Structures are given as C-alpha cells and as structure tokens.
Amino acid sequence: MSVAILRLGHRLVRDDRTTTHVALVARAFGCQKIYMTDVDDSIKLTIADVNDRWGYNNFEIEIVKNWKNVLQKWKKNGGLVIHITMYGINVDDFFKKTKKDNDKILLIVGAEKVPSEVYKLSDYNISVSNQPHSEIAALAIVLDRIFNGQELRLDFKSPKLKIIPSPTGKLVEKIKN
Ligand code: SAM
C-alpha cells in the first residue's frame with residue numbers, strides 16, 4: 001500500500017503549526033510522501049530533525065507549485081485520488097461500500113477553501129462527519145481506516161530516541177548508532 005498526501009494551501013504564520021502537524025501525522029502513520037504547496041523549505045528541516053531523533057520510514061516531502069500536475073499524474077499512473085472534505089460521503093461508507101481495490105492512494109487535504117476543481121478532479125470526496133473541523137483530525141481518521149490500525153505499530157529505522165511505552169510515566173531509551 002502506497003499512500004501520499006497532497007496538502008493544498010498554507011496561510012503564513014496562521015497555518016504554521018497545522019501544516020507541520022499534517023506532515024507529522026503523514027510521517028508517523030506511514031505515508032510515503034507529502035506534497036505541499038505555499039510552504040518554504042523550513043518544513044523539510046523540521047521533519048529532518050524529527051527523523052534524526054525518532055527514526056526514518058522513507059518519508060519524503062516535496063514542495064510543489066502546481067498541485068493539478070500532481071493530481072493528474074497520480075491518476076494517469078493508475079492511482080486513486082481522494083479529497084477529504086466535510087462535503088464528501090461518509091468515510092466508513094466509502095471504505096465499506098464504494099472503494100475499489102487500489103494500493104496507490106493520494107489523499108488531498110486543504111488549509112482553507114480549496115479550489116472548486118479539486119472536487120471534480122478527485123475520484124472521490126469523502127468526509128469525516130459533515131461538520132467543519134480540522135485537516136489533522138480528518139487525515140488521521142482516514143489513514144486509520146486505510147491502514148486498519150497498523151499505522152500505530154510502525155517501527156522506524158535508526159532512531160536516536162525510542163519510547164518504552166509505560167502506563168505510569170515517561171521512559172525514553174537513548175540509542176547509540
Ligand atoms: N470547508 C472546508 C472543507 O471543505 O472541509 C473546511 C476547511 S478546514 C479549515 C481545512 C481542511 O480540513 C479541509 O480542506 C478538509 O480537508 C479538512 N476538513 C475539515 N472538516 C472536515 C470534515 N468534517 N471532514 C473531512 N475533512 C474535513
């Protein structure tokens with residue numbers, strides 16, 4: 001299964017944390033790649049720093065100017081394009097009843113209002129409830145439906161720090177590579 005994210009838009013300062021968190025969720029939950037528009041290279045440094053400390057999982061960031069090219073290329077290569085939006089069909093109905101088998105999925109999330117073409121160019125528009133909320137929450141739930149919970153048990157390569165899960169405190173192992 002290969003899942004990539006296309007994050008559309010970024011309002012300077014206001015979206016800084018949200019944009020970083022979208023990328024962190026994509027990395028932590030096992031996506032291969034995130035395409036981002038309207039951001040500068042500092043996001044790459046932030047994720048490189050997280051990789052350095054917490055490990056690697058072949059996660060890539062590409063900053064793109066033309067989101068439509070990404071979407072069209074994805075479709076041309078046989079991938080499924082799913083836009084995550086409050087206006088779409090219910091995520092569970094989609095994965096239980098509608099989804100065709102396809103192991104290459106591009107998930108689109110917005111920062112603010114996305115261009116109206118996104119709704120038409122995507123193969124499907126799916127929602128995580130029909131109330132407005134957050135792209136971070138919506139993305140996490142959609143990834144959980146795709147990976148069936150396995151995204152919470154991934155092993156990252158060559159970490160400097162590794163958490164030893166504890167019900168009563170913080171245990172972190174420092175690993176000498
Ligand atoms: N009106 C927008 C929409 O189309 O969902 C809400 C904009 S919201 C600030 C930014 C992003 O969060 C949206 O582009 C969408 O990807 C995601 N989002 C917000 N609420 C959602 C929901 N209920 N279901 C799925 N995605 C949602």
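Atoms within each ligand, like the ligands themselves, are counted from 1 in listed order. Small disclaimer: the values here were computed from a predicted structure and weren't measured. One-based numbering along the sequence shown.
In this structure, atom 7 (C) of ligand 1 lies nearest to the protein heavy atom E112 O, 4.3 Å. Counting protein heavy atoms only, atom 1 (N) of ligand 1 is closest to M86 SD, 3.6 Å. Atom 20 (N) of ligand 1 has as its closest protein heavy atom H133 N, 3.0 Å. What sits closest to atom 16 (O) of ligand 1 on the protein, heavy atoms only, is I84 O, 2.6 Å. Shortest contact from atom 24 (N) of ligand 1 to any protein heavy atom: V128 N, 3.0 Å. For atom 9 (C) of ligand 1, the closest non-hydrogen atom of the protein is A111 O, 3.4 Å. Atom 23 (N) of ligand 1 has as its closest protein heavy atom Q131 O, 2.6 Å. Regarding atom 12 (O) of ligand 1, its nearest protein heavy-atom neighbour is E135 N, 3.3 Å.
Ligand 1 has no nitrogen or oxygen under 3.5 angstrom from a nitrogen or oxygen of N130. The shortest N or O to N or O distance between P132 and ligand 1 is not under 3.5 Å. Polar contact check, G110 against ligand 1: a nitrogen or oxygen pair lies under 3.5 Å apart. Where the criterion is an N or O separation shorter than 3.5 Å, residue side chain and backbone included, T85 meets it with respect to ligand 1.
R7 and T37 share no side-chain donor-acceptor pair at under 3.5 Å. Counted by atom type alone, D15 and H10 present zero donor-acceptor pairs between their side chains at under 3.5 Å.
At a threshold of 4.5 Å between non-hydrogen side-chain atoms, the residues L154 and N57 count as touching. Contact check for N90 versus I126: no side-chain heavy atoms found under the 4.5 Å cut-off. With a 4.5 Å cut-off on side-chain heavy atoms, I146 and V142 count as touching.
The residue K113 has no part lying near ligand 1, judged by heavy-atom distances below 4.0 Å.
Here the two rings, on H83 and Y124, have centers that are 6.0 Å apart or farther. Annotation: F147 is not in aromatic contact with F29 [ring centroid separation under 6.0 Å not met].
Numbered from 1 in the order shown, with element, the atoms of ligand 1 that lie under 4.0 Å from a heavy atom of S129 read 22 (C), 23 (N), 24 (N). Below 4.0 Å from some heavy atom of A138 lie the following atoms of ligand 1, by number and element: 25 (C), 26 (N), 27 (C). Every atom of ligand 1 is numbered from 1 in the order shown, and the set under 4.0 Å from a heavy atom of S134 is 12 (O), 19 (C). Here is the list of ligand 1 atoms found below 4.0 Å of a heavy atom in Y119: 4 (O).
Proximity of a side-chain donor or acceptor of S166 to a complementary backbone N or O of G169 within less than 3.5 Å is detected.
Nearest heavy atom pair, residue K104 against residue W74, reads O-NE1, 3.8 Å. Scanning both residues, I43 and I61, for their nearest heavy atoms gives O-CD1, 4.0 Å.
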Going through the distances and angles, do K160 and D52 end up as a side-chain contact (heavy atoms from CB on, under 4.5 Å)?
CA-CA 7 Å; K160 285 189 178 143; D52 185 52; 2.9 Å; yes
